Amino acid sequence: MSVRVRFAPSPTGNVHIGNIRAAIFNWLFARHHENGRFLLRIEDTDRERSTPEAVKAILDAMEWLGINYDEAPLYQSTQHARHLEAAQQLLANGHAYKEDKGGTGQGECIIFRMPGTDMAFHDEVKGDLRKEAKDMKDFVIVRSDGSPVFHLANVVDDITQSITHIIRGDDHVENTFRHVALYQALGAPVPRYAHLPMIVNAQGKPYSKRDGAAYIGQFREMGFSPDALFNYLTLLGWSPGEDREKMTRAEIIAAFTLDRVKSAPAQMDLRKLSHMNGLYLAELPLDQFMNGVREFLTGLDWGRSLDETYFAAVCKLMQSRTPLYSQAETWNFFFIDPIPYDEKAVQKNLKKEGARTTLETLATLLTATDFSEAALQQALRQAETALGSGEGKLNQTLRVAVTGVTVGAGICETLHVLGKERSLTRLNHALTTFC
RNA sequence: GCGCCCAUCGUCUAUCGGUUAGGACAUUAGGUUUUCAUCCUAGUAAGCGGGGUUCGACUCCCCGUGGGCGCGCCA
């Protein structure tokens, strides 16, 4: 029988990074197996908290990350009758009973009767797990208002969707004993289970929005590429061995097996993610990189209508040194005039002895060039000779005068992209303003 | 409190009884005709503690310690 797995989020808000990681692992497992199926189930039973917006957030997140699903999504709310039918079946065969729990007049709820024997199951990542009968209690499966509880709905839906492997977060391990008991009482084959280690923060607590980004949308806003995030998440709690990290989807799919999933919790490291993101951005075809940057720049007033050719030149220059799309925010000096000057940079590089002479010399020499990179290089060398300064010593003064900041691509490449007119205007402006 | 689970550099991890314990991020020092955020080179850095088992344990077992999860008419 071929593998059928599912991602079963409840649409109650933003899509958490831990949830999407579970989706990724399920997806990888399905794609790794021939004819494997990856299904989506929206557990929207909680009418109070479930919203259409939240459903859309889940769909968007999956699409962004390139996690496609097979078959139509199953909305749990449509399965109500089935859930209750299962409860009736359990009632009929003695696996459940009615009771007014607490007796406060809330009415009778339906309670599942645990088998009363020790239970065990094999977890694909944690090994054999067992629990004694005395440590397991009966539990409510249908509330007194007639609504099914998570455990019942979840198991019944998994039976309906013929799920063969349940791959989910570690926080569900304890529930599994109950779920196995439900399967057995319902006369359904018990699926295989695999529990994924939690993603935690520096304190070892579940990773939350307070630890930086926790929601998938936030990562997108911060400028991460979906492929990089996908690859990085894959490495949290799993490893292909052989020191491999940056891998294509096809490679990850081929290498993915549950027996290589770790059991210990993993801590999210935004710095490593950023580094990996830089690797991904650097190898993107220029037009794709431009699209990514553009999506970002539309949020900035100077980033909306850009000259395509010029924009392409800037992107080409900056691509290899861009760890995050959001970094493009600092490229403003390429596009706006007048440019803002960094106070400290001005203080250190322009308001110093000799800066005036330096800029005057450079202005004269640069005016005489055609602003090709080679010519710019040559002009710089001439300026150094004329001023008796060492190679590269003038670079920063020139850079701050023309860009307003101390960091960026090579000075000659930058000047070339900026163009002669703009560069010289700024140079002269800096000269009269700061020196 | 009770039950279950987990434990290798600061972080993510490799190792499936015998290795100088490897890689990556971060960090440090250089280099890239001394911007840096790319790139290159090198360095610092780890088996929680105590008992066993074994010729030999990071690896297997037990006990501690620390951490996580669970114990809802939440999901």
Side-chain angles (χ1 to χ4, degrees), chain A residues 8-12 19 43-46 48-50 76 99-102 104 106-111 123 125-127 129-132 134-137 139-151 153-154 169-178 195 197-200 202-206 232 235-246 259-260 262-276 278-279 281-282 318-324 327 330 345 349 377 380-381 384 390-393 395-400 403 405-411 414:
Chain A
S10 43
T12 54
N19 280 109
E43 299 207 333
D44 56 348
T45 328
D46 189 339
E48 302 273 301
R49 293 193 291 162
S50 298
Q76 187 163 68
E99 188 182 302
D100 186 351
K101 219 180 162 193
T104 46
Q106 290 181 83
E108 290 189 318
C109 54
I110 303 177
I111 297 174
D123 190 286
V125 346
K126 306 176 90 70
L129 301 177
R130 56 185 60 254
K131 203 162 186 88
E132 291 181 45
K134 67 173 173 59
D135 294 319
M136 295 178 288
K137 294 191 297 189
F139 58 97
V140 174
I141 50 176
V142 178
R143 300 185 186 89
S144 49
D145 67 0
S147 62
V149 164
F150 163 75
H151 303 292
N154 188 261
D170 219 345
D171 48 340
H172 282 294
V173 183
E174 303 291 327
N175 287 335
T176 307
F177 295 98
R178 297 168 164 185
H195 288 94
M198 307 292 276
I199 296 177
V200 300
Q203 287 71 45
K205 304 282 186 192
Y232 177 75
L235 264 14
L236 247 34
W238 176 80
S239 143
E242 298 169 339
D243 297 333
R244 293 202 290 167
E245 292 199 331
K246 185 166 178 294
D259 63 330
R260 289 201 67 89
K262 274 197 54 145
S263 195
Q267 201 173 308
M268 183 91 185
D269 185 356
L270 252 14
R271 290 177 304 186
K272 183 157 181 170
L273 205 208
S274 297
H275 177 265
M276 182 169 272
L279 261 30
L281 295 194
M318 302 307 288
Q319 183 171 6
S320 73
R321 59 185 64 228
T322 304
L324 289 172
Q327 199 76 43
T330 65
N349 296 284
Q377 187 73 254
L380 267 169
R381 292 296 85 87
E384 283 155 1
E391 270 192 13
K393 292 286 187 191
N395 291 7
Q396 284 306 79
T397 305
L398 177 55
R399 181 188 296 280
V400 174
T403 71
V405 292
T406 56
V407 299
I411 186 64
T414 302

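As the structure is a prediction and not an experimental result, all values here were calculated from the model. Only this structure's heavy atoms are used, side chains among them; waters, hydrogens and symmetry mates stay out. Note on naming: letters A, B, ... go to the chains in the order of the sequence lines (proteins, then strands), and numbering restarts at 1 for each one.
Side-chain proximity of A:Val149 to B:rA75, B:rA14, B:rU35: nearest is B:rA75.
Contacts of A:Leu398 with the nucleic acid, taken as non-hydrogen atoms under 4.0 Å apart, are absent. When heavy atoms are screened at a 4.0 angstrom cut-off, A:Gly237 is found touching the sugar-phosphate backbone but no base atom. Base engagement by A:Ser144 is indicated by at least one non-hydrogen atom pair under 4.0 Å involving a base atom. A:Lys246 comes within 4.0 angstrom of no nucleic acid atom, judged by non-hydrogen atoms across all strands. When heavy atoms are screened at a 4.0 angstrom cut-off, A:Asp145 is found touching no nucleic acid atom at all. Contact annotation for A:Arg381: no contact, since no heavy-atom pair falls under 4.0 Å across all strands. Contact annotation for A:Pro206: backbone-only contact, meaning every heavy-atom pair under 4.0 Å involves sugar-phosphate atoms and none involves a base.
In this structure, A:Arg143 does not pair ionically with A:Glu108, as no charged nitrogen and carboxylate oxygen lie closer than 4.0 Å.
Nearer the 5' end of RNA chain B, as judged by each residue's closest nucleotide, is the contact made by A:Trp238, out of A:Asn395 and A:Trp238. If A:Lys205 and A:Glu242 are placed on RNA chain B by their nearest nucleotide, the residue sitting closer to the 5' end is A:Glu242.
Both distances falling under 3.5 Å, in either a Watson-Crick or a G-U wobble arrangement, occur for no nucleotide opposite B:rU19.
Qualifying side-chain contact (heavy atoms from CB on, under 4.5 Å) partners for A:Thr406, counting only residues two or more places apart in sequence or in other chains: A:Ala345, A:Asn349, A:Gln396, A:Val400. Every residue two or more places apart in sequence or in another chain that forms a ring pair (Phe, Tyr, Trp, His ring centres under 6.0 Å) with A:Phe139 is listed here: A:Phe112, A:His151.
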Show me the protein contacts with nucleotides 20-30 of chain B, counting only N or O atoms at under 3.5 Å.
unit_1: B:rG22; atom_1: N2; unit_2: A:Asp243; atom_2: OD1; d: 2.9
unit_1: B:rG23; atom_1: O4'; unit_2: A:Asp243; atom_2: OD2; d: 3.4
unit_1: B:rG23; atom_1: N2; unit_2: A:Glu245; atom_2: OE2; d: 3.0
unit_1: B:rA24; atom_1: O2'; unit_2: A:Glu245; atom_2: OE1; d: 2.8
unit_1: B:rA24; atom_1: N3; unit_2: A:Lys272; atom_2: NZ; d: 2.9
unit_1: B:rC25; atom_1: OP1; unit_2: A:His275; atom_2: NE2; d: 3.3
unit_1: B:rC25; atom_1: O2'; unit_2: A:Lys272; atom_2: N; d: 3.2
unit_1: B:rA26; atom_1: O2'; unit_2: A:Arg271; atom_2: NH1; d: 2.8

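When rounded to the nearest whole Å, the span between CZ of A:Phe150 and C1' of B:rA75 equals 6 Å.
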